[in-house]
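The first residue in the sequence is number 1, and the count goes up from there. What you see is a predicted model, and the numbers here were worked out from it, not measured in a lab.
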Amino acid sequence: QVQLVESGGGLVPAGGSLRLSCAASGLTFSNYVMAWFRQAPGKEREFVAGISRSGASTLYADSVKGRFTISRDSDKNMVYLQMNSLKPEDTAVYYCAADRTAVAVFRRPGEYDYWGQGTQVTVSS
């Protein structure tokens, strides 16, 4: 059974940093494109960052380029999102997602096969 579990969310001041983790189980980790999405109250779920099966390629939303870094550890079946220079507009529930059939990293949520439960990130001003 596939399971994705996020952790690392919390309350941080503007300009601070946070690292989110996603633990994957029940799947062959190397077969999946992995991504992070976020959703604020009253807003649609939006793409944040994605990483290829090998980890060689990454894709970021324009709003987080230069501030966030996605990575994966195949030995641990883990995906990370390092978030620096956080802004109040980064406040959202952050979700980990996995895509088995992708030929590239896609931005649309409907592409992804599995989702975690989400972890709250709140950036205060």
Side-chain angles (χ1 to χ4, degrees):
Q1 182 177 359
V2 174
Q3 189 172 21
L4 304 177
V5 181
E6 302 97 333
S7 61
L11 175 64
V12 294
S17 297
L18 207 60
R19 189 175 79 155
L20 305 184
S21 299
C22 172
S25 61
L27 51 73
T28 302
F29 187 65
S30 61
N31 288 346
Y32 288 79
V33 168
M34 304 298 296
W36 288 94
F37 289 77
R38 66 188 182 188
Q39 188 166 25
K43 306 294 184 181
E44 293 185 347
R45 189 167 297 189
E46 67 170 345
F47 176 83
V48 176
I51 188 165
S52 65
R53 293 173 175 86
S54 68
S57 299
T58 57
L59 182 69
Y60 296 93
D62 289 343
S63 59
V64 307
K65 285 181 181 177
R67 300 189 298 121
F68 290 11
T69 303
I70 187 171
S71 61
R72 64 193 295 164
D73 185 335
S74 295
D75 291 336
K76 297 182 177 180
N77 284 10
M78 297 285 290
V79 183
Y80 305 99
L81 185 68
Q82 178 65 47
M83 305 185 293
N84 298 326
S85 302
L86 283 162
K87 305 174 181 179
E89 50 263 46
D90 294 319
T91 295
V93 177
Y94 283 70
Y95 297 90
C96 179
D99 185 351
R100 185 183 63 82
T101 61
V103 296
V105 176
F106 292 101
R107 287 183 162 93
R108 68 184 193 209
E111 176 69 23
Y112 291 81
D113 302 299
Y114 302 103
W115 294 84
Q117 83 289 349
T119 186
Q120 176 70 231
V121 172
T122 302
V123 184
S124 64
S125 59

Under 4.5 Å side-chain heavy-atom separation, chaining through any Ile, Leu, Val, Met, Phe, Trp or Tyr, what else clusters with F106? Say none if it is isolated. V103
Between the main-chain N or O of C22 and the side-chain N or O of E6, is there a donor-acceptor pair closer than 3.5 Å? no
Is R107 reaching over with its side chain to a backbone N or O of A61, donor-acceptor style, under 3.5 angstrom? no
Which distance, rounded to the nearest 0.5 Å, do you find between the CZ of R100 and the CZ of R53? 9.0 Å
Which residues satisfy the salt bridge (charged side-chain N to carboxylate O under 4.0 Å, His left out) test with K65, sequence neighbours excluded? D62
Which residues satisfy the side-chain contact (heavy atoms from CB on, under 4.5 Å) test with T101, sequence neighbours excluded? D99, E111
Is S30 close to T28 at the side-chain level, that is, under 4.5 Å between some pair of heavy atoms? yes
If hydrophobic residues (ILVMFWY) are linked whenever their side-chain heavy atoms come closer than 4.5 Å, directly or via other members, who joins V2 in its cluster? L4, V12, L18, L20, L27, F29, Y32, M34, W36, V48, I51, Y60, V64, F68, I70, V79, L81, M83, L86, Y94, Y114, V121, V123
Does S54 offer a backbone N or O that forms a donor-acceptor pair with the side chain of R72 under 3.5 Å? no
Mind listing the closest non-hydrogen atom pair of A92 and A40 along with its distance? CB-N, 3.9 Å
Applying side chain to side chain donor-acceptor pair (under 3.5 Å), which residue pairs with at least one partner in residues 78-93 are found, sequence neighbours left out? S17-N84, R38-D90, R67-D90, Q82-N84
F37: which other cluster members, linking ILVMFWY side chains closer than 4.5 Å, directly or transitively? V33, F47, L59, V93, Y95, V105, Y112, W115
